[in-house]
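One structure is given here, and the rest of the page talks about it.
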Amino acid sequence: MRATRETALEPFGKPKMIKSIGKHKFVEGPAISADGNQLYYHQHDGWKFRLYQVIR
């Protein structure tokens with residue numbers, strides 16, 4: 001899920017699902033690239049945590 005806001009003084013809007021990640025598994029540790037086009041996160045997959053990347 002992601003939520004945005006216009007300025008740091010305003011509340012966040014309603015969260016929206018990131019469709020390329022889906023909603024079937026719990027993911028955490030998001031990090032966005034400096035240009036805002038890449039999202040990195042980790043997900044528990046079996047007995048390991050794996051790193052993933054999605055690109056806009």
Side-chain angles (χ1 to χ4, degrees):
M1 306 289 285
R2 73 176 190 102
T4 59
R5 60 185 177 178
E6 294 294 321
T7 70
L9 300 176
E10 294 182 33
F12 282 95
K14 288 187 175 186
K16 298 178 182 177
M17 182 179 22
I18 300 172
K19 292 181 183 181
S20 59
I21 295 174
K23 61 180 180 177
H24 299 291
K25 294 191 176 189
F26 180 75
V27 300
E28 59 186 356
I32 299 173
S33 63
D35 64 5
N37 290 323
Q38 298 173 69
L39 171 66
Y40 300 88
Y41 62 94
H42 71 267
Q43 172 177 307
H44 192 244
D45 188 13
W47 294 97
K48 297 180 180 182
F49 282 97
R50 298 186 187 271
L51 298 175
Y52 293 89
Q53 172 195 37
V54 291
I55 300 172
R56 276 187 203 203

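The figures that follow rest on heavy atoms only: side chains count, while hydrogens, waters and symmetry mates do not.
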request  = Examine M1 and Y41 and state if one hydrophobic cluster contains both, with Ile, Leu, Val, Met, Phe, Trp and Tyr joined whenever side-chain heavy atoms are less than 4.5 Å apart.
outcome  = no
query = Sequence neighbours excluded, which residues qualify as side-chain contact (heavy atoms from CB on, under 4.5 Å) partners of I18?
reply = R2, S20, I21, L39
key: For E6, side-chain contact (heavy atoms from CB on, under 4.5 Å) partners two or more places apart   = E10
remark   = Here the pair of heavy atoms bringing A3 nearest to P15 is CB-CA, 4.1 Å
ask   = In the single-linkage hydrophobic clustering (I, L, V, M, F, W, Y; side-chain heavy atoms under 4.5 Å), do Y52 and Y40 co-cluster?
value = no
remark   = Between I32 and G36, the two heavy atoms sitting closest are CG2-CA, 3.7 Å
Q43: side-chain hydrogen bond (donor to acceptor under 3.5 Å, both in side chains) partners, not counting sequence neighbours = none
message = Please enumerate all residues that pass ring-ring contact (aromatic ring centres under 6.0 Å, His included) together with F49, with sequence neighbours excluded.
response = H42, H44
inquiry  = Can you pull out every salt bridge (Lys or Arg N to Asp or Glu O under 4.0 Å) where at least one residue sits in residues 35-45? Sequence neighbours excluded, please.
reply    = K25-D45, D45-R50
remark   = Grouping ILVMFWY residues whenever side-chain heavy atoms fall under 4.5 Å, the cluster of W47 otherwise contains none
